[in-house]
2 protein chains.
Amino acid sequence: MQRIRNMGLRLTPQRIAILEYLDGNVNHPSAEEIYNAVAKKYPTISFATVYNTLETLKRKKGILELTIDPRRRRYDPNTEPHHHIICVQCRKVADVHADFDLRLPESNVEGFKVLSKQVEFYGICPECDNQN
Amino acid sequence: MQRIRNMGLRLTPQRIAILEYLDGNVNHPSAEEIYNAVAKKYPTISFATVYNTLETLKRKKGILELTIDPRRRRYDPNTEPHHHIICVQCRKVADVHADFDLRLPESNVEGFKVLSKQVEFYGICPECDNQN
DNA sequence: TTATTAAGTTAGAATTAATCAAAATTAATA
DNA sequence: TATTAATTTTGATTAATTCTAACTTAATAA
């Protein structure tokens, strides 16, 4: 938790609550889910604070912002390189641990400076599959 | 263009205009960009029609809906398997043609039925890089 | 300790993307 | 040419995110 201080950020109860909720959380929650969870213990927290904190943590490389759900952003406290699969029905996101070789072929780079890369799988999760 | 009929869809001027705009378009436009482009020739078109048509085409596998820009959905008339890179500054999306081996390791599948997969690169495009 | 202040939080309004509902229109066909 | 189911339209609605400006507070230095 001291980690926040080391990022040059002030240690506020809101940030602690958000970090505690995210820590070890493998559900790739949305801002709303984070808000709901934190609001239970800290009813005065606002969406602005949640978004502010998530943006700050993202900039400090403390979390990942996932662009895998077309409806809303998802957040991932696991900043180690890994990939994801999303259920197109219930939108559950699961981790995919695999070491893909994702080097761009020279001819392909188009002059882009690559900052990050990841593989997204879209599919149907077992639970949703059962219902069909 | 007869392609639309073959999908079991009615051939309307709006759909023709949307398809014409998308055909060969390599810019991965958003719904708004499509609307703006089509509205020039067809000023009465509505956003609902654009979204309806895009949704229909997506279901018929005539286009891809890209979840690579956290702000808005992007559409790609190229349904051949390929990947993308987005500039995190100007949000330009470019194609990445490479044949990655993206098979999930058995241990990893978690019971998901995989429908599609793709690699997303995030980076800075040459134009934006020049400005810094 | 306490005062200072820059950083952070808050409520609520605003913006933006996307969806929806219902009435009006029209492409396809018989 | 009439019929009708598919499509389009308008405008309202919802949902996610951002913004603003006033208020509060964690960190620090006196």
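Chain naming here is simple, since letters A, B, ... match the order of the sequence lines and numbering starts at 1 in each.
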> By side-chain contact (heavy atoms from CB on, under 4.5 Å), which residues pair with A:V88, not counting sequence neighbours?
A:Y122, A:I124, B:L115
> For B:Y21, check ring pair (Phe, Tyr, Trp, His ring centres under 6.0 Å) against everything at least two apart and list the hits.
none
> Between A:Q14 and D:dT25, is there a side-chain N or O to OP1/OP2 distance below 4.0 Å?
no
> Quick one about B:H28 and B:D69 (side-chain donor to acceptor, distance below 3.5 Å, no hydrogens or angles considered), yes or no?
no
> Determine to 10° how strongly the helix from C:dT1-D:dA30 to C:dA30-D:dT1 is bent, judged from the axes of its five-pair ends.
30°
> Could you go through nucleotides 26-30 of chain D and list every protein N or O atom that sits under 3.5 Å from one of its N or O atoms, giving the distance for each pair?
{"residue": "D:dA26", "atom": "O4'", "partner": "A:R10", "partner atom": "NE", "Å": "3.4"}
{"residue": "D:dA26", "atom": "O4'", "partner": "A:R10", "partner atom": "NH2", "Å": "3.4"}
{"residue": "D:dA27", "atom": "OP1", "partner": "A:R5", "partner atom": "NE", "Å": "3.3"}
{"residue": "D:dA27", "atom": "OP1", "partner": "A:L11", "partner atom": "N", "Å": "3.0"}

> Can you list the residues that meet the salt bridge (Lys or Arg N to Asp or Glu O under 4.0 Å) rule with A:R72, with sequence neighbours excluded?
A:E32
> Checking B:K92 now: which residues fulfil salt bridge (Lys or Arg N to Asp or Glu O under 4.0 Å) with it, not counting sequence neighbours?
B:E127
> Of all residues at least two apart in sequence or in a different chain, which pass the salt bridge (Lys or Arg N to Asp or Glu O under 4.0 Å) check with B:E65?
B:K58, B:R73
> Check the distance between D:dT14's P and A:E32's CD and give it to me in whole angstrom.
15 Å
> On DNA chain C, which is the earliest and which the latest nucleotide, 5' to 3', with an atom closer than 4.0 Å to a heavy atom of chain A?
C:dA6 to C:dA11
> For A:T49, what residues pass the side-chain hydrogen bond (donor to acceptor under 3.5 Å, both in side chains) criterion, not counting sequence neighbours?
A:S46
> The criterion is ring pair (Phe, Tyr, Trp, His ring centres under 6.0 Å); which residues satisfy it with B:Y35, sequence neighbours excluded?
B:F47
> Side chains of A:D95 and A:H84: donor-acceptor distance under 3.5 Å anywhere?
yes
> Could you tell me which residues satisfy side-chain hydrogen bond (donor to acceptor under 3.5 Å, both in side chains) with B:R103, sequence neighbours excluded, listed by chain and number?
B:D101
> So do A:L22 and A:P29 actually touch side chain to side chain, heavy atoms under 4.5 Å?
yes
> Take atom CZ of A:R15 and atom P of D:dT24, then tell me their distance rounded to the nearest Å.
19 Å
> With side chains defined as the heavy atoms from C-beta onward, is the minimum distance between A:C128 and A:R91 less than 4.5 Å?
no
> I need the residues from residues 41-75 of chain B with at least one non-hydrogen atom less than 4.0 Å from DNA chain C; give them sorted by number, or say none.
B:A48, B:Y51, B:R71, B:R72, B:R73
> Would you say B:N6 has more than 12 foreign heavy atoms packed within less than 6.0 Å of its CG?
yes
> Provide, to the nearest angstrom, the distance between the CG atom belonging to A:N36 and the P atom belonging to D:dA16.
10 Å
